[in-house]
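Have a look at the structure below before the remarks.
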Number of protein chains: 2
Amino acid sequence: MPRQVDYENRRRRIAEAVCTLIARSGMEAVSLRDVAAQANVSMGAVQRCFRTKQDMLLFALEHISRHVSERANQRIAATSTPQAASTLLSHTLAELALLDEESRTQAHVWLAFITHAPASEKLAAVLHDTYAKLHGLIAWLIRYGQDTQEILQRLDPDREAHTLLALADGLTVHVLAGHHSPATALATLQRHIDHLLENASDRG
Amino acid sequence: MPRQVDYENRRRRIAEAVCTLIARSGMEAVSLRDVAAQANVSMGAVQRCFRTKQDMLLFALEHISRHVSERANQRIAATSTPQAASTLLSHTLAELALLDEESRTQAHVWLAFITHAPASEKLAAVLHDTYAKLHGLIAWLIRYGQDTQEILQRLDPDREAHTLLALADGLTVHVLAGHHSPATALATLQRHIDHLLENASDRG
DNA sequence: CGCGTTCTGATGCACTTGCATCGTATCCGG
DNA sequence: CCGGATACGATGCAAGTGCATCAGAACGCG
């Protein structure tokens, strides 16, 4: 009957404000007041959307997690011209590694949440879930590449997926830490993937 | 003339208290009072040792960084019976990846600092330095392995070192995030190293 | 021993935090 | 067009923060 508000929309807006703030100056710098200001809403609105600060942060994590997963899935599903499996694998991992400048914020937030996961059961659960999905996705891509004869048959998709995922995350960390530029990180990732291909320089 | 105190010792003690607290409940939970309590000193003592909280955290990071680097270097230098280069490489990386349960605290702290690095110039500098050193170390180990004919000659030590370091860090992250157990992470790392060796299953 | 310097730990202070409260503005059904 | 439910945003509040201050304990030297 009374005034209706698009909560889902507002929650998303707030989540993005949270991410911006986390990326700007770390997770401890996120106060309800700052979030409200950043999202251009009042503090009361924030408190109405999320019963507690924890809830707000958790939602922000899920927001990011969903964002990353969806982008990776779209990259695969929405490819109109069927691409080579190896190309698909490269592009998907490159996106998961959050290397481009626009993803820097997400990378930062993701890392912040990982850091705080051991202190929060629920955060850890979301992370675990997301990683499981990503691993499944990559393993699937590898099997697909093996089906199309692009990727070495003798490789164990699950194990290779683990390695690839770890490498991607490590590179994300290195870029954030300033040890790598996104470009060299990408090259490193690509170089590793090349080793998995059938038509590698030596051996098949 | 008057009362003399071993500051260096106290600073170390406080640094370790800081690390314990960070590992327990994140970096924002570290207050001067908590640190003082954890280190069994008064708050005044903490304030005497470190002019500001930032200084304290920075020292803690350098403390961890030094600890990790030294352990890796010792693993190499103090090896009485000259080991195979590949074994050396494995063990060194396994230690750098901070996989064993006792290193969990250090891994946690290390990640916390990486997360906060973009917000602090000095933190970033220390991280950059440490990573440069570690990369140099690993590249050196690879070259050594090539000299002893253990590691494939055609590999570029610098690039392989980058990959290895990223993989190690990625595995650290995955273990912290609960996506891997230390054991499987170690296996993944070892599997990757095996691919670099001359006597690999196929090809030399 | 006692003087003077250094170190200590308790307290003060201004500030920020997350959350609760509450009067008011806003909107929908009748 | 109005009654009532809802969302709003300002304010209050207790707790906790980093840092400054300071009286006094602890100690080496004359």
Side-chain angles (χ1 to χ4, degrees), chain A residues 1-15 17-61 109 112-113 115-116 119-123, chain B residues 1-15 17-61 109 112-113 115-116 119-123:
Chain A
M1 318 38 185
R3 187 174 188 181
Q4 224 32 341
V5 168
D6 187 348
Y7 274 94
E8 215 42 49
N9 189 2
R10 194 203 295 281
R11 284 162 87 94
R12 266 197 296 272
R13 188 139 67 105
I14 292 177
V18 169
C19 292
T20 302
L21 289 180
I22 288 181
R24 181 181 305 158
S25 37
M27 199 156 167
E28 74 256 33
V30 175
S31 77
L32 295 188
R33 287 162 178 80
D34 293 348
V35 170
Q38 175 72 30
N40 265 322
V41 300
S42 77
M43 217 179 104
V46 175
Q47 291 186 267
R48 182 157 303 276
C49 280
F50 303 102
R51 213 165 44 77
T52 172
K53 188 187 184 184
Q54 280 278 339
D55 288 355
M56 183 180 75
L57 294 176
L58 189 62
F59 182 86
L61 169 58
V109 174
F113 279 121
T115 302
H116 287 243
S120 159
E121 190 68 34
K122 296 190 175 184
L123 244 61
Chain B
M1 315 35 183
R3 187 173 186 181
Q4 224 33 340
V5 168
D6 186 348
Y7 275 95
E8 214 44 48
N9 189 0
R10 195 204 295 280
R11 285 163 85 94
R12 266 197 296 273
R13 188 138 69 105
I14 291 177
V18 169
C19 292
T20 301
L21 289 180
I22 289 182
R24 180 179 306 161
S25 39
M27 199 159 168
E28 74 257 33
V30 175
S31 76
L32 297 188
R33 286 162 179 82
D34 292 348
V35 169
Q38 177 71 31
N40 265 321
V41 300
S42 79
M43 215 178 104
V46 175
Q47 291 185 269
R48 180 158 304 275
C49 279
F50 304 102
R51 214 166 43 74
T52 172
K53 188 187 181 182
Q54 280 279 337
D55 289 355
M56 183 182 75
L57 293 176
L58 189 62
F59 182 86
L61 170 58
V109 174
F113 280 123
T115 301
H116 287 244
S120 159
E121 190 67 35
K122 297 189 174 183
L123 243 62

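So you know, we letter chains A, B, ... as the sequences are listed, proteins then strands, and number each from 1. None of the values given here were measured: they were computed from a predicted structure.
- Across the protein-nucleic acid pair, A:Gln47 atom CD and C:dA20 atom P stand 8 Å apart, rounded to whole Å.
- Using a 4.5 Å cut-off on side-chain heavy atoms (C-beta onward), A:Asn40 and A:Arg13 make contact.
- Nucleic acid contact class of B:Tyr7 (heavy atoms, under 4.0 Å, all strands): sugar-phosphate only.
- Sequence order on DNA chain C of the closest nucleotides to A:Arg33 and B:Met43 puts B:Met43 first from the 5' end.
- Separating the CG atom of B:Leu57 from the P atom of D:dT17 is a distance of 14 Å, rounded to the nearest angstrom.
- At whole-Å resolution of the value, CZ in A:Arg51 and P in D:dA7 are 16 Å apart.
- When atom types are taken as modelled, the side chain of A:Arg11 and the backbone of A:Cys49 share a donor-acceptor pair closer than 3.5 angstrom.
- Among D:dT17, D:dC8, C:dT8, the nucleotide with an atom closest to any side-chain atom of B:Asp34 is D:dT17.
- We find the NZ-CG distance between A:Lys53 and A:Leu58 to be 13.5 Å, quoted to the nearest 0.5 Å.
- As a whole-Å value, the separation of B:Ile14 CD1 from C:dG9 C1' is 13 Å.
- The shortest distance between side-chain heavy atoms of A:Met56 and A:Val46 falls below 4.5 Å.
- Using a 4.0 Å heavy-atom distance criterion, B:Val30 is classed as a sugar-phosphate-only contact.
- Taking only side-chain atoms of A:Ser42, from C-beta outward, the nucleotide of D:dG18, D:dG9, C:dC7 with the closest atom is D:dG9.
- The interatomic distance linking B:Lys53 (NZ) with D:dT17 (C1') rounds to 8 Å, in whole Å.
- Taking atom CZ on A:Arg11 and atom P on D:dA7, their separation rounds to 13 Å, with Å as the unit.
- A:Met56 places its CE atom 12 Å from the P atom of C:dT17, with the value rounded to the nearest Å.
- A donor-acceptor distance shorter than 3.5 angstrom exists from the side chain of B:Ser120 to the backbone of B:Leu123, with no hydrogens or angles considered.
- Of the listed nucleotides (C:dC19, D:dC19, D:dG18), D:dG18 has the atom at the smallest distance from the side chain of B:Ser31.
- For A:Arg48 and C:dA20, the CZ to C1' distance is 12 Å, given to the nearest whole Å.
- When the side-chain nitrogen and oxygen atoms of A:Thr52 are compared with OP1 and OP2 of C:dG18, none of them lie within a distance under 4.0 Å.
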